[in-house]
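Counting starts at 1 for both ligands and their atoms, following the listed order. No experiment lies behind these values; they were computed from the predicted model shown. Residue numbers run from 1 in the order of the sequence given.
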Amino acid sequence: MLFDTHIHTRYSDDSEMAIETAISRAAELKLGIIVTEHVDLAQPEPDVALDVEQYWQDYRKYRNEKLLLGIEVGMRTECLADNRAIIDAYPFDYVIGSIHFVDNIEIYQEVFYHNRTKMDAYSRYFETMLDCLKVYDFIDSLGHIDYIARYARFEDPEIYYHEFADWIDEIIKVAVQNEQALEINTRRLTSPAAVARLLPIYKRFYELGGRMVTLGSDAHIPENIGCRLEVAQAMAAACSLKVVYFKQRKPEWER
Ligand SMILES: [Zn+2]
Ligand SMILES: [Zn+2]
């Protein structure tokens, strides 16, 4: 069964989706899903923080072959020990590691790009990702490597592999060494051109020894569940990468 491995519901501060709605939408689409609520520690607005205990206790009854429970950890070096403690304390099926904050700024905010060149802002983003990945050896998959391009305030926010090859290669090498998967986040795969821009990153992942990719829509609303998973599957195939999902922290191969 194909899994959409990146889904947010009402325990994420930016989603209002009920889990029952996600379950029925996934059933319509004949997809498995992994719920991956956000945990972003040390954020400036503590009131939006995830109550992991409540999330786990509330959702564990829904867990079955088609619905697994995961978490999307916002990676920050200063939160390493606290994040590790959460992952050690709960038997999640799957852990995504993502970069949402750089230098204590949520990078969807304009201020991160203010008076900055794209090269400078993106280099700092990739540097932060590299620093985190080196120590976050307990994540299963690196989430949305192209996240910054969703929000960057530049005329052309796209990530071109060749422009950031040195950073991206280092990140990939660490992921390979840690035996981590790379996520293909389908949010931005809206055109053949968008796919073509991201493909070199995944091809490079294979060249440097990576084998596993996870596919995730990053849905916050039911309509986006399973969105463009077939595009991501084709990307994986084009790079000879295997599509996996994680159950009890172990990769399961999609066939
Ligand atoms: Zn994210
Ligand atoms: Zn997400």
With distance as the sole criterion, is a donor-acceptor pair present between the side chains of H144 and E72 under 3.5 Å? yes
Measure from the Zn ion (ligand 1) to every N/O/S atom of H100 and report the name of the nearest one. NE2
With a cut-off of 2.8 Å, does H8 put an N/O/S atom close enough to the Zn ion (ligand 2)? yes
Between W56 and F92, does the ring centroid distance fall short of 6.0 Å? yes
Please state whether the separation between the Zn ion (ligand 1) and some N/O/S atom of H6 is under 2.8 Å? no
Indicate yes or no: does D137 engage K134 in a salt bridge with an N to O separation below 4.0 Å. no
Taking I99 as the starting point, is it possible to reach F101 by hopping between hydrophobic residues whose side chains are less than 4.5 Å apart? no
Considering just N/O/S atoms, say which atom of D218 is closest to the Zn ion (ligand 2). OD1
If I take the Zn ion (ligand 1) as the centre, what angle separates the NE2 atom of H144 from the OE2 atom of E72? Nearest 10 degrees is fine. 100°
Quick one: does Y136's side chain have a donor or acceptor within less than 3.5 Å of a partner on R76's backbone? yes
N, O or S of H38 under 2.8 Å from the Zn ion (ligand 1): no
